[in-house]
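Okay, so here's the structure we're looking at.
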Amino acid sequence: MIITYHGHSTFKLKGKRGTAVTDPYDDYIGLTLPRLSADIVTVSHDHKDHNAADKISGTARRNNPFIVDKPGEYEVGGISIFGVPTFHDDSKGTERGQNTVFTILIDHLRVCHLGDLGHDLTSQQVEKIGAIDILLCPVGGAFTINSELAVKIIRTLEPGIVIPMHYKTDAHNSDVFADMTTLSDFTREYGLDPKPMVKLDIERGKIPEETQLILLEQT
């Protein structure tokens, strides 16, 4: 499987049996989403910086992507998706509503996208998420978990690989995202600052036993 990062919380997971795109965003956030195609689009919650599924085109396998935007279990063309309900804030959704944590099983790899998780995970949620190989984790705070809580959740879930997302960049709309923190704030909290790579090309047998931090460049 090949994972590429397209800014904010948007990743493309390209496997042998299909492709998934996570949380595509509207251009109002300041970033410009590139042209992407997918068999499946996951949408963690209904906010403009995560739900622009209409911007993703279909593939040779599907004219239009299959949209997964609610908790539950799904199977599309040999790719399985498991959605666990969580909240977008630490007040049980009273401030920003619901959020779904999606785990995508593709090429025998379990990739977990936390969406805009806004709180620490309960033991029941951790159990439902289960063992994961790759964690796509928000780290910028303000609208989601901050760097400190992100590190705690990473240690709880114990993925083989963690890739940070949803942090402030120079391109973000400063009127909206001024309070978000940067990737450097997270790597300082985590204690490591590896060199970013353009893409992650990974297979089941190459997942490390101890969690490895990987930074992906926005493409």
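Note that the coordinates shown come from a computational prediction; the quantities given were computed from them, not determined experimentally. If you read the sequence from its start, that first residue is 1, and numbering goes on from there.
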According to the interplanar angle, ranging from 0 to 90°, do the rings of F177 and F143 count as parallel (below 30°), tilted (30 to 60°) or perpendicular (above 60°)?
perpendicular

Measuring only between side-chain heavy atoms, which start at C-beta, is F102 closer than 4.5 Å to T42?
yes

Looking at D39 and R61, is there a salt bridge between them, counting it only when a charged N and a carboxylate O are closer than 4.0 Å?
yes

Starting at CD1 of I214, measure out to CD1 of I202 and round the result to the nearest 0.5 Å.
6.5 Å

Under 4.5 Å between side-chain heavy atoms, hopping through other hydrophobics if needed: is there a path connecting I104 to M165?
yes

Could you see if V68 belongs to whatever hydrophobic cluster contains L36? Use Ile, Leu, Val, Met, Phe, Trp, Tyr and a side-chain cutoff under 4.5 Å.
no

Expected output: side-chain R110 to main-chain I129 donor-acceptor under 3.5 Å:
yes

To the nearest 0.5 Å, atom CD of E189 lies from atom OG of S184 at 13.0 Å

Contact check, side chains of F87 and N99, non-hydrogen atoms, under 4.5 Å:
no

Less than 3.5 Å apart, any donor N or O on the side chain of T32 or D27 sitting next to an acceptor on the other?
no

Below 4.5 Å, heavy atoms only, C-beta onward: do S37 and S57 meet side chain to side chain?
yes

Is the closest basic N to carboxylate O distance between R188 and D193 below 4.0 Å?
no

Taking all atoms of both residues into account, what is the closest heavy-atom pair of P196 and E217, and its distance?
CB-CG, 3.7 Å

Indicate yes or no: at least one non-hydrogen side-chain atom of T181 is less than 4.5 angstrom from one of N146.
no

Membership question, hydrophobic clusters at under 4.5 Å side-chain separation (ILVMFWY): are I161 and V101 in the same one?
yes

Tell me if the CD atom of E75 is crowded by more than 12 foreign heavy atoms within 6.0 Å.
yes

Between T144, N51, T100, D23, which is the residue that forms a side chain to side chain donor-acceptor pair (under 3.5 Å) with S44?
D23

Here the gap from L215 atom CG to L192 atom CG, rounded to the nearest 0.5 Å, amounts to 9.5 Å

Between H50 and D116, does any side-chain donor sit less than 3.5 Å from a side-chain acceptor?
yes

Start with the C-alpha distance between D26 and K55, add both sets of side-chain angles, then the distance that settles side chain to side chain contact (heavy atoms under 4.5 Å, CB included), and finish with yes or no.
CA-CA 8 Å; D26 189 271; K55 291 183 175 291; 4.1 Å; yes

Where the side chain of D89 meets the backbone of R96, is there a donor-acceptor pair that is under 3.5 Å apart?
yes

Does a donor on one side chain sit under 3.5 Å from an acceptor on the other, for S147 and D185?
no

In sequence, state the C-alpha distance, the side-chain angles, and the governing distance for H119 and H88, and then conclude on ring pair (Phe, Tyr, Trp, His ring centres under 6.0 Å).
CA-CA 7 Å; H119 57 89; H88 195 337; over 10 Å; no

Side-chain heavy-atom pair L216, V198 within 4.5 angstrom cut-off
no

For K168, does the NZ atom sit with more than 12 other heavy atoms under 6.0 Å from it, leaving out its own atoms?
yes

Cluster overlap L109 with L105, hydrophobic side-chain contacts below 4.5 Å
no

For a 4.5 angstrom cut-off between non-hydrogen side-chain atoms, does L136 reach I134?
yes

What one should report as the nearest heavy-atom pair of I56 and P65 is O-CG, 3.5 Å

Side chain to side chain contact (heavy atoms under 4.5 Å, CB included) assessment of T103 paired with I81:
CA-CA 6 Å; T103 299; I81 306 102; over 6 Å; no

With heavy-atom distances below 4.5 Å as the criterion, would you say the side chains of Q125 and T86 are in contact?
yes

Give me the atom names and distance for the closest heavy-atom approach of I207 to G160.
CG2-CA, 3.8 Å

Calculate, to the nearest 0.5 Å, the distance between atoms NZ and CE belonging to K199 and M197 respectively.
11.5 Å

Parallel, tilted or perpendicular, judged at 30° and 60°: which one describes the rings of F186 and Y190?
tilted

Neighbour count >12 (heavy atoms, 6.0 Å) for atom CD, E95:
yes

Using a 6.0 Å distance limit plus a 45 degree cone around the ring axis, check whether K48 lies over the aromatic ring of Y28.
yes

Between the side chains of H8 and H172, is a donor N or O closer than 3.5 angstrom to an acceptor N or O?
yes

Shortest non-hydrogen separation from A38 to V41 and the atoms involved
CB-CG2, 4.5 Å

Separation between CG of D49 and OG of S9, rounded to the nearest 0.5 Å:
7.0 Å

Which residue in the set I163, L200, V21, T4 passes side-chain contact (heavy atoms from CB on, under 4.5 Å) when paired with F11?
I163

Would you sort out whether F82 and Y74 count as a side chain to side chain contact (heavy atoms under 4.5 Å, CB included), showing the intermediate values?
CA-CA 6 Å; F82 308 91; Y74 307 82; over 6 Å; no

Atom NZ in K16, atom CE in M1: separation rounded to 0.5 Å?
11.5 Å

Taking the basic N atoms (NZ, or NE/NH1/NH2) and the acidic carboxylate oxygens, is any pair closer than 4.0 Å for K152 and D120?
yes

Stepwise side chain to side chain contact (heavy atoms under 4.5 Å, CB included) check, V176 with I29
CA-CA 7 Å; V176 180; I29 73 170; over 6 Å; no

Side-chain heavy-atom pair L31, T169 within 4.5 angstrom cut-off:
yes

When you group the ILVMFWY residues by side-chain heavy-atom contacts below 4.5 Å and let the links chain together, are I40 and Y25 in the same group?
no

Taking T94's backbone N and O only, do any of them form a donor-acceptor pair with S91's side chain (distance below 3.5 Å, no angle check)?
no

Minimum heavy-atom separation for T219 to P34, with atom names?
O-CG, 3.9 Å

Scanning both residues in full, the closest heavy-atom pair of G18 with I106 reads O-CD1, 3.4 Å

